[in-house]
Asker: 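Below is the structure I would like to discuss, written out as structure tokens.
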Amino acid sequence: MTQPPDSDDAGPRPVIIDTDPGQDDAIAILAALAAPELRVMGITAVAGNVPLELTARNARILVELAGRPEVPVFAGCDRPLRRDLVTAEHVHGTTGIDGADLAEPATALQPQHAVDWMAETLLAAGDREITVCTLGPMTNVATVLQTAPEAARGIREIVCMGGGFFGGGNTSPAAEFNVFVDPDAAQTVLHCGAPVTMLPLDVTHKALMADAWIDRLRALGTHTGAAAAGMLDFYERFDVDKYGTTGGPLHDPNVIAYLLRPDLYQGRRCNVEVEIDSPLTRGMTVVDWWNVTDRPPNCHYITEVDADGFYDLLLTLLARLP
Ligand code: RIB
Ligand code: CA
């Protein structure tokens, strides 16, 4: 098993969060905004769980909930690179963050398109300076990489929630939602030349929420705690019903937890390719875990997590927010 890259001690790690909120995205965004180790340069919304107008709305609601209205939010791509958009209101509700009774955002969207801002920011960055966290379909990041390939130079690491292999998919038998929605984008990211770490269903399903943990969020007595608990009560019902488990997976916050505490995770560098042609297995992440092909390793594929450590970290972070 390879260990993740060493975190440097050169001040807060600059990150861009690309997201389709989504209750699990919401917890990831709140956790990132609560972590002094991270400098969230901006949040870029993408169509995914719900259409772009709602993901861009929800991202602004979340920066305000965290007491961080100064963090810029940009709207990006409203559909995948070359497919029709598939959304997931059946999981996340019509707003995407159902379960939280939150006011409409007061903060305006940034006028610049997310893709233009991300490209500009990465092109102006030092070599391997900025970490890009993708929590939804990778359409925005892939568009940047296709229109400005040299932007990859400014990327320290792309840490994405997506994919699944050993445990299959959650949207089709073969594919996880983020990669199913935009398989072409995921394949572009995996071949962009920047270091890629993937947190797939194979790891997120090993850290299921406990109702007692959601109750501890509510017991924080804060707006964030109440909103997070309400969102997660709503969100987990789908997976509990589907999998017959006592709790649901909390996918996207694993990306932030990996950045803050890589020691909680284990994985392996290997080759990962995305099926983009087959109607049956579109979006399948084919993981050469046993190195049986001559395809070069292109991904740090994570499969293990310390679940207690993960949820303890999230609670500690969310407790810092108003
Ligand atoms: O498959 C889970 C992923 O799809 C998560 O990022 C969830 O928010 C949805 O975007
Ligand atoms: Ca997401």
Side-chain angles (χ1 to χ4, degrees), residues 16-32 43-52 54-59 61-62 73 76-77 79-80 83 85-93 95-100 114 132-141 158-183 185-186 189 197-209 228 231-232 234-240 242-243 248-258 274 282-285 302 305 314:
I16 292 171
I17 298 177
D18 192 70
T19 179
D20 64 335
Q23 291 88 350
D24 60 323
D25 303 68
I27 303 303
I29 292 167
L30 293 170
I43 296 177
T44 52
V46 67
N49 286 321
V50 288
L52 176 67
L54 283 172
T55 60
R57 163 196 179 264
N58 296 343
I61 288 174
L62 292 163
V73 176
C77 299
R79 55 164 299 158
R83 319 264 174 164
L85 178 62
V86 173
T87 53
E89 288 87 347
H90 59 291
V91 177
H92 298 274
T95 71
I97 52 172
D98 283 29
V132 178
C133 303
T134 70
L135 311 180
M138 298 174 221
T139 315
N140 286 341
V141 179
I158 298 174
V159 187
C160 59
M161 190 281 137
F165 183 63
F166 298 102
N170 62 358
T171 302
S172 79
E176 174 277 329
F177 178 81
N178 290 337
V179 181
F180 177 84
V181 169
D182 202 337
V189 165
T197 296
M198 183 172 273
L199 288 116
L201 300 177
D202 298 313
V203 67
T204 65
H205 277 245
K206 292 178 182 170
L208 302 182
M209 283 185 280
M231 281 190 275
L232 296 180
F234 177 91
Y235 164 73
E236 77 160 353
R237 87 218 177 283
F238 179 83
D239 285 320
V240 166
K242 175 177 177 180
Y243 297 108
L250 194 51
H251 304 289
D252 293 333
N254 282 280
V255 168
I256 305 307
Y258 169 80
V274 180
R282 152 200 169 165
M284 180 176 183
T285 44
I302 304 294
V305 58
L314 286 185

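Just so you know, ligand 1 is whichever comes first in the structure, and atom 1 is the first atom listed for that ligand.
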Asker: Distance only, no hydrogens: is a donor on one side chain within 3.5 Å (strictly under) of an acceptor on the other, for T95 and D98?
Answerer: yes
Asker: Which of the atoms in ligand 1, numbered in the order shown and given with their element, are less than 4.0 Å from a heavy-atom of L135?
Answerer: 6 (O), 10 (O)
Asker: Looking at every heavy atom in both G93 and F234, which two are closest together, and how far apart are they?
Answerer: N-CE2, 3.6 Å
Asker: Give a yes or no answer on whether the side chain of T285 reaches the backbone of G164 with a donor-acceptor pair at less than 3.5 Å.
Answerer: yes
Asker: Count, excluding waters, the protein N, O or S atoms that are closer to the Ca ion (ligand 2) than 3.0 Å.
Answerer: 5
Asker: Over 60° means perpendicular and under 30° means parallel, so classify the ring planes of H205 and H251, tilted if in between.
Answerer: tilted
Asker: Kindly write out the residues that satisfy side chain to side chain contact (heavy atoms under 4.5 Å, CB included) with R79, not counting sequence neighbours, or none if the list is empty.
Answerer: D84
Asker: Look at atom 1 (O) of ligand 1 and say which protein heavy atom is nearest, naming residue and atom and giving the distance to 0.1 Å.
Answerer: E176 OE2, 2.6 Å
Asker: What closest approach, in Å, do T55 and V50 show between heavy atoms, and which atom pair accounts for it?
Answerer: CG2-O, 3.4 Å
Asker: Any nitrogen or oxygen of D25, main chain or side chain, under 3.5 Å from a nitrogen or oxygen of ligand 1?
Answerer: yes
Asker: If only side-chain N and O atoms count, and only distance matters, is there a donor-acceptor pair under 3.5 Å linking T44 with D18?
Answerer: yes
Asker: How far is atom 8 (O) of ligand 1 from its nearest protein heavy atom, and which residue and atom name does that atom have?
Answerer: D24 OD1, 2.6 Å
Asker: Counting from 1, what ligand 1 atoms have a heavy atom of N170 closer than 4.0 Å?
Answerer: 1 (O), 2 (C)
Asker: Can you tell me how far SG of C133 sits from CG of N254, rounded to the nearest 0.5 angstrom?
Answerer: 12.0 Å
Asker: Any nitrogen or oxygen of H92, main chain or side chain, under 3.5 Å from a nitrogen or oxygen of ligand 1?
Answerer: no
Asker: Between D182 and M138, is there a donor-acceptor pair closer than 3.5 Å when you use the side chain of the first and the backbone of the second?
Answerer: no
Asker: What are the atoms of ligand 1, with element, lying closer than 4.0 Å to any heavy atom of M161?
Answerer: 2 (C), 3 (C), 5 (C), 6 (O)
Asker: For atom 10 (O) of ligand 1, find the nearest protein heavy atom and state the residue, atom name and distance (0.1 Å precision).
Answerer: N178 OD1, 2.8 Å
Asker: Below 3.5 angstrom, do we get any N/O pair linking L201 and ligand 1?
Answerer: no
Asker: So how far is it from I97 CD1 to H92 NE2, rounded to the nearest 0.5 Å?
Answerer: 11.5 Å
Asker: Considering only the protein, which heavy-atom contact is closest to atom 9 (C) of ligand 1, and what is its distance?
Answerer: N49 OD1, 3.1 Å
Asker: List every atom of ligand 1 that sits less than 4.0 Å from any heavy atom of D20, numbering the atoms from 1 in the order shown and giving each element.
Answerer: 10 (O)
Asker: Please classify the T171 to ligand 1 contact at 4.0 Å (heavy-atom distances, strictly less than): side chain, backbone, both or neither.
Answerer: neither
Asker: Shortest non-hydrogen contact from P21 to A59?
Answerer: CG-N, 4.1 Å
Asker: Looking only at non-hydrogen atoms, find the nearest pair between V181 and V86 and report the distance.
Answerer: CG2-O, 3.6 Å
